[in-house]
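Here is how names work: the chains are called A, B, and so on, in the same order as the sequence lines, proteins then strands, and each is numbered from 1.
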2 protein chains.
Amino acid sequence: MARKAATKPRKKASQERSRATVDALVEATARILVREGFEKTSTNRIAEVAGVSIGSLYQYFPGKEALVAAVIDRHNEEIMALVRAALVEVAEMPIEKAVRRLVTVAIEAHRIRPELHRVLAEQIPRAGKLDVEAYGREVHALVRAYLDSRRKEMRKLDLDVATFICVSATEAVAHNVVLNQAEILPEKVVRRLVDETTRMLVGYLRRSA
Amino acid sequence: MARKAATKPRKKASQERSRATVDALVEATARILVREGFEKTSTNRIAEVAGVSIGSLYQYFPGKEALVAAVIDRHNEEIMALVRAALVEVAEMPIEKAVRRLVTVAIEAHRIRPELHRVLAEQIPRAGKLDVEAYGREVHALVRAYLDSRRKEMRKLDLDVATFICVSATEAVAHNVVLNQAEILPEKVVRRLVDETTRMLVGYLRRSA
DNA sequence: AGAAAAAGCGAGCGATTGCTCGCATTATGG
DNA sequence: CCATAATGCGAGCAATCGCTCGCTTTTTCT
């Protein structure tokens with residue numbers, strides 16, 4: 001609180017070409033994470049790959065964690081863009097169609113950058129955890145709102161519990177589909193998994209036994 | 001292949017008190033992981049906390065990765081013991097009871113050492129990945145075998161796909177229950193989650209639409 | 001008892017890491 | 001056109017890391 005390093009604001013926004021520098025640094029971080037792993041991701045290496053000096057790096061980022069956090073945020077934002085769009089698109093659909101769409105999107109979202117996703121999932125640093133939780137809460141709220149709006153088509157259920165379970169299950173299937181089989185994913189199998197997951201969720205949400 | 005360091009077998013089994021040394025090292029690694037995080041987990045620190053010299057550490061473990069892998073293995077083995085026992089216990093039960101039991105055990109298993117589980121889940125090192133996959137395959141095989149034995153009570157389904165989805169969903173719920181809410185877990189809510197998850201899975205597996 | 005093997009020790013090496021600071025280069029605006 | 005700010009630079013320091021090696025202590029076996 002007291003000090004803020006007057007002469008060296010450490011982390012400053014950009015006005016001109018500095019934007020490019022920041023982008024290059026984040027992009028380099030992502031590439032190194034994917035191609036060399038988290039352990040090899042040092043600030044010196046990042047600067048080198050980005051074609052930027054370490055001095056410049058520290059003008060925009062307070063440390064390695066900040067770089068990695070930026071990569072994570074970028075990736076999460078891409079995913080969230082898909083998810084948000086899907087939830088809007090789905091707002092007026094009946095649950096069967098909606099669930100199918102959402103499950104499909106969940107898998108697509110996890111497939112945006114499989115290798116990066118894998119690294120981020122497997123070698124989590126430490127920071128950014130709060131942000132991830134924030135995204136989680138947002139998804140929960142959005143899905144909950146949809147389920148609430150379609151209450152009439154469903155059995156009596158505890159909205160929060162149902163949302164929690166549906167979101168967890170969907171994420172898990174998407175996550176495992178991308179992480180376990182990775183590259184070799186016959187489109188047929190994916191469709192099959194979407195069908196089955198949809199069946200499970202719809203069966204769980206609908207009225208009737 | 002060529003060299004094996006004859007005078008320094010590096011990683012040797014134990015005969016007497018050395019057992020205690022190895023245990024102390026693994027236990028110290030776990031404690032540091034939980035209390036100081038993965039970054040602070042250096043071989044020097046591990047030796048210090050274990051009350052053992054670095055020299056001794058390197059007599060039994062080829063490096064930091066091996067220590068962490070040992071902790072992971074230990075933890076996974078504890079979990080697998082519960083899971084294996086549950087699957088035996090459940091072998092003769094009808095699906096409703098069996099699923100309820102398995103979901104309960106999944107949550108219990110994730111609760112063995114919540115903080116350690118969290119660290120291992122959040123700050124994975126790199127090694128041991130193969131072992132984790134091996135456990136995953138074992139669970140898959142066991143569950144698949146159970147489902148196969150109860151085929152008559154269920155609708156026609158692709159065993160592998162159904163197993164994959166059920167295991168993924170159950171693990172995800174258990175995982176999130178432990179990681180998200182962590183300490184504050186009213187027993188009532190847990191029961192509720194078990195009930196709902198069971199309902200979803202049984203509804204998915206049973207015959208009838 | 002004594003010798004050999006097993007276990008334990010820790011100073012200290014070479015390498016790497018995160019990061020600073022003084023200076024050079026480029027843009028902006030009066 | 002030049003003063004001032006913004007941006008970029010990179011040698012190099014202090015700290016830390018993983019790890020070795022020569023040595024002492026303890027145990028085992030005869």
Side-chain angles (χ1 to χ4, degrees), chain A residues 3-29 32-33 36-71 123 125-128, chain B residues 3-29 32-33 36-71 123 125-128:
Chain A
R3 275 290 119 95
K4 244 203 165 183
T7 42
K8 271 183 213 159
R10 258 310 176 63
K11 205 187 170 185
K12 249 179 107 186
S14 41
Q15 301 177 325
E16 308 285 344
R17 62 184 161 158
S18 51
R19 208 73 146 192
T21 302
V22 170
D23 270 12
L25 287 168
V26 176
E27 187 50 40
T29 306
I32 297 171
L33 280 173
E36 312 184 29
F38 180 70
E39 305 248 321
K40 299 276 176 195
T41 307
S42 66
T43 50
N44 286 320
R45 193 80 232 285
I46 293 170
E48 180 190 333
V49 170
V52 162
S53 82
I54 335 130
S56 298
L57 183 154
Y58 278 97
Q59 233 165 27
Y60 301 106
F61 296 94
K64 180 172 73 167
E65 284 196 352
L67 265 311
V68 177
V71 172
Q123 317 179 5
R126 190 86 188 96
Chain B
R3 274 287 118 91
K4 245 202 164 183
T7 42
K8 271 184 211 161
R10 258 310 178 63
K11 202 183 169 186
K12 251 178 104 184
S14 41
Q15 299 178 328
E16 307 285 344
R17 65 183 158 159
S18 50
R19 209 72 146 188
T21 301
V22 170
D23 270 12
L25 286 168
V26 176
E27 186 51 39
T29 306
I32 296 172
L33 280 173
E36 313 183 27
F38 180 69
E39 305 248 321
K40 298 278 177 193
T41 307
S42 67
T43 48
N44 286 320
R45 192 81 231 283
I46 292 170
E48 180 191 334
V49 170
V52 164
S53 82
I54 337 133
S56 297
L57 183 154
Y58 278 95
Q59 232 163 29
Y60 302 106
F61 297 93
K64 181 171 76 164
E65 283 197 352
L67 265 310
V68 176
V71 171
Q123 318 180 2
R126 193 85 189 96

Listed in order of residue number, which residues of residues 47-54 of chain A have a non-hydrogen atom at under 4.0 Å from DNA chain C? A:I54
A:I46 and A:I32 have their tightest heavy-atom pair at CA-CD1, 3.6 Å
Whole-Å distance between D:dC19 P and B:Y58 OH? 4 Å
Which pair of heavy atoms, one from B:A50 and one from B:A24, lies closest together, and at what distance? CB-O, 3.6 Å
Please state how far atom CD in B:E39 lies from atom C1' in D:dT16, giving the value in whole angstrom units. 13 Å
Send over the distance from A:L67 CG to C:dC19 P, rounded to a whole Å. 10 Å
Atom-pair distance (CD on B:Q59; P on D:dC23), nearest Å: 16 Å
Could you check how far CD1 of B:I46 sits from C1' of D:dC19, rounded to whole Å? 13 Å
dist B:T43:OG1 -> B:Y58:OH (nearest 0.5 Å) comes out at 3.5 Å
Kindly compute the distance separating CG (A:L33) from CG (A:L67), expressed to the nearest 0.5 Å. 9.0 Å
Spacing of B:E65 atom CD relative to D:dC17 atom C1', expressed in whole Å: 14 Å
Taking all non-hydrogen atoms of both residues, which atom of B:T41 and which atom of B:K64 are closest, and how far apart? O-CD, 2.9 Å
Using nucleotides 27-29 of chain D, report all nitrogen or oxygen pairs with the protein that are shorter than 3.5 Å.
| residue | atom | partner | partner atom | Å |
| --- | --- | --- | --- | --- |
| D:dT28 | OP1 | B:E16 | OE1 | 3.1 |
| D:dT28 | OP1 | B:E16 | OE2 | 3.0 |

Assert: residue with more 5' nearest nucleotide on DNA chain D, out of A:S56 and A:N44, is A:S56
A:A47 and A:L25 have their tightest heavy-atom pair at CA-CD2, 4.3 Å
Between A:F38 (CZ) and C:dT16 (C1'), how many Å, whole number? 15 Å
Quick one: is C:dC19 close enough that its OP1 or OP2 comes under 4.0 Å of any side-chain N or O from A:T43? no
Rounded to the nearest 0.5 angstrom, the OG-CD distance for A:S42 and A:E48 is 8.5 Å
C:dT17 P sits how many Å from A:F61 CZ, rounded? 19 Å
Give a yes/no answer on whether the side chain of B:S18 brings an N or O atom under 4.0 Å of OP1 or OP2 in C:dG8. no
